[in-house]
2 protein chains.
Amino acid sequence: MRRARRPAASTMPTLADVGREAGVTAKTVSRVLNGDGPVAGRTRERVLAAVRRLGYRPNLMARNIRIGARDATVGLVIPELGDPFFGAVAGGVEHAVRARGLTLIVGSSEETAAREEALIATFLNRRVSALLIVPAAGGDHRHLRAERAAGLPVVFLDRPPARLTADCVVSANREGSRAGVAHLIARGHRRIGFVGDLPALYTRRERLRGYRDALAAAGLPFERTLVTTGHGPEAAARATLRLLGLREPPTALFAGNDLAALGAVVALARAGRKDVALVGFDDPPLAEALDPPLTVVAQDPAGIGGAAAELALARLDGDRSRARRTVVPTRLIARGSGELPPPG
Amino acid sequence: MRRARRPAASTMPTLADVGREAGVTAKTVSRVLNGDGPVAGRTRERVLAAVRRLGYRPNLMARNIRIGARDATVGLVIPELGDPFFGAVAGGVEHAVRARGLTLIVGSSEETAAREEALIATFLNRRVSALLIVPAAGGDHRHLRAERAAGLPVVFLDRPPARLTADCVVSANREGSRAGVAHLIARGHRRIGFVGDLPALYTRRERLRGYRDALAAAGLPFERTLVTTGHGPEAAARATLRLLGLREPPTALFAGNDLAALGAVVALARAGRKDVALVGFDDPPLAEALDPPLTVVAQDPAGIGGAAAELALARLDGDRSRARRTVVPTRLIARGSGELPPPG
DNA sequence: GTGAAAGCGCTAACAT
DNA sequence: ATGTTAGCGCTTTCAC
C-alpha cells in the first residue's frame, strides 16, 4: 500500500517499469538514458519508445544518492528576493549557475540572522554543491568552517562574513562613495550632507568611510551633524528635511543607497528646493528621467552575483587557493543633479 | 574506494556513523532525530551529542527517496529573475512557499520557449512538489497535462498557458488599462497614444484591449496610427517621438509597461514637452519623484506571486476543484502626470 | 526501548 | 550486448 496523499509520487514510473515495458532490465534502460555501456540499436529504440509511452522521468534524487554526488544546485541566501537590487544580484547568480547546468535555489533571510541560519541549514541538508550568502547583520558564520574545510564552496556577497575567513564579493563601496562626494566637492560644495541607512549595515559604514575620505582629501572638516541615519525612503525624506533646516545647511547631499536617494529626491521636490545638489548610490531605472536627472554611483548587482557564482564554480573545479575578496567596481554616472554649484 | 572529486560528499557522516559513535543503530538515531518511536532519555542524549560531535546533517535526498515523497521544493520558471517586476513576483512566491516549509527553486527562461521547456524538465526530474510558470511566448504546454492529471499542481502566472487548461493568476490588465485611459479621457483628452510592447506578449494585447474599451466607452474612434509597438525604453522613446511628430499628434500617452513609461518620460523630457499627459502601467520606485510625478496603473507583482503560490499549495492540500483563473486587481495612482488637460 | 532486515530508485562492478 | 548483485542513506516493518 502506498500512501494516498502523494498520488503524483506513487504513480511515477521507475526504471524497472520502463524495463518491463521494453522487455529489458532496469540497468539497460539506465544505459540507454545515460549513454554509458553499449546498447544494441534495436534495444535502444524499444527502450526509448517505452520511456515516451510511460512518460518516464529519471528521479534525480535517487540518482544523486547512488552516485554519491552532491545535489546539482547552488543555494543562495539573500535578504529579500523582491528587492530590485538583490533581485538583480540573484539574476546574475542564476545566469552563471545555469550556464554550468546547475539549478538555483533561493531563500530570503529578511535581514534576520535566525532566518539566514535556518536557510543555510536547509540548503546544507539538501547537499547543495555551493552556498552563496548575503549575510544579515548580527550573524556568526563560524559554523561554516567545517563545511568549507570539507570542500564546500561558500561565497559571501555584497557584505563580508562575520568571524570567518571565506571568499567574498563586494562593491567598491568606499571608493565609489569617495568618487561621488569628490564629484560634489569639485563643483565647489563644502558642506555636504550624508543621507545614510542604519549603521549596522556594512555598506553604510563603508560608504560613510568613502565620504570621509573625500572630505579629508579636500581638506574639509567632518561634521557629525551632517550625517544622518535611517532606513527607507520616509526616514531619508525626514533626514533630508532636517539637514535643510540646520542653521548652516548643506548645499549638497550624498544619498547612501537607492531608497535614501528616493527619499531625498522626494523631500527636495516637496520643499521646492531645486538649488540643492544630489548624488545617489545605486542606479534605479527612472534615475535618468528625473528633473534634473539623478547623478549616481552605479553598482553592478548582476556583476556581483555573477562574480560570486563564478568564484564558487572555480572552487567546485578544484581551485584550492586561499580565500579571496573580489571588489566589483562602481561607476560614477554624471547626469545633472550633481552639477549644481553651491549658491553664492 | 570513494571518488576523489567530491570530497565534501564522501566525508559527510551518515546515520550509521552517528549510531556507531553513540553505540546504537542507525534506526535509533533516526528515531531521535525524527521523534517518532520511543527512545530512552539517556540514549537520546548520547545520540544528540554524537550528532553534534560529527556535525551530522540528514540527507534530504535519501530521506525523500525512501518515503516516496516528492521533493519539498516549488519550481518557478520566470523570464528574468533580475527584472524588477519578475523579481518581485518571485519574492511573493518565495514568501508563501517558505511559510509552508517548502524551498523555492528558480530558473530564467529569457522569454524563450526552449529554455522554458528545459527548466520545466529539470524541475520535473527533481520531483518538485509544485510548478509555477510565467510562460514565454510561443510555447506549448500540452505536455503538462499528464503531470496535472497525476496530481502535480501547475499554476501559470502573469500570462495564461498555451493549449492547456490549468490554474492561472494574472493582473487585471484589461480593466487596469481601461481605467488608466479613462482617466485621461476624463481630463478631456480625445487623442491618446498607446506606447506598447511587442504584440506577441499577452499583457500587451490585453492592455491594448483595455485601451480600446475606454475609447469605445467614450465614443472615441480607434486609430491605428496612435498605436505603437516596440520592446524596451529606447524603442518606446522612438515611438513616443514618432507619435508627437504626427500631423495630428496625441495630447496624451498611455504607456503599456514600466519600460515603455521610462522611454516615454525620457523622450518627453528631451523634447521639452511638458504639455503631454502620461499614464503608465506598473509602478517603478522613482515614479513619485518624477516631475510631474507619474500617474500609473500599479500592479501587485508580489501579490501575483503570492496568489499563485497559495493556489498551488491549496492544490497540494487536496483541492481538486476545476482549474480557475485568479485576477489580481490593479490600482490607479493619480500623481499628476495624467492630470494635464489637453491644450486649447 | 532497540535492533535487523528489507527496500525506495537508481547505478557501479562484476558477471555472462 | 545484456543481466545480476550489491549498496548509496535513509525509513518501514517486524522482531525482540
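Chain naming here is simple, since letters A, B, ... match the order of the sequence lines and numbering starts at 1 in each. If you're wondering where the values come from, they're calculated on a predicted model, not measured in any experiment.
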Taking atom [atom2] of [N] as reference, at what distance in whole Å does atom [atom1] of [X] sit?
| X | N | atom1 | atom2 | result |
| --- | --- | --- | --- | --- |
| Arg63(B) | dC8(D) | CZ | C1' | 17 Å |
| Met61(A) | dG7(C) | CE | P | 21 Å |
| Lys27(A) | dT2(D) | NZ | P | 13 Å |
| Leu15(B) | dT12(D) | CG | P | 12 Å |
| Ile65(A) | dA12(C) | CD1 | C1' | 15 Å |
| Arg20(A) | dG9(C) | CZ | C1' | 13 Å |
| Leu33(B) | dT11(D) | CG | P | 8 Å |
| Arg126(A) | dG9(D) | CZ | C1' | 15 Å |

Under 4.0 Å between any heavy atoms, over every strand shown, what does Asn64(B) touch: base, sugar-phosphate, or nothing? Just pick one.
-> nothing
Select base, sugar-phosphate, or nothing to describe what Asp36(B) touches, counting heavy atoms under 4.0 Å on all strands.
-> nothing
Between [X] and [N], is there a side-chain N or O to OP1/OP2 distance below 4.0 Å?
| X | N | value |
| --- | --- | --- |
| Asn34(A) | dT11(C) | yes |
| Arg66(A) | dG9(C) | no |
| Thr43(B) | dT2(C) | yes |
| Thr28(A) | dG3(D) | yes |
| Thr25(A) | dG3(D) | yes |
| Ser30(B) | dT11(D) | yes |

Proximal nucleotide (of dG9(C), dA12(C), dG3(C)) relative to the Ile67(A) side chain | dA12(C)
Nearest-nucleotide pick for Pro38(B), side chain only, options being dC10(C), dG1(C), dG3(D) = dG1(C)
Can you find a donor-acceptor pair, distance only, under 3.5 Å between Arg31(A) side chain and dG3(D) base?
-> yes
Donor-acceptor contact present, side-chain [X] to main-chain [Y], <3.5 Å:
| X | Y | answer |
| --- | --- | --- |
| Arg46(A) | Ala22(A) | yes |
| Thr14(A) | Ala16(A) | yes |
| Arg148(A) | Thr165(A) | yes |
| Arg159(B) | Pro135(B) | yes |

Roughly how far, to the nearest 0.5 Å, is CG of Leu132(A) from CG of Asp167(A)?
-> 10.0 Å
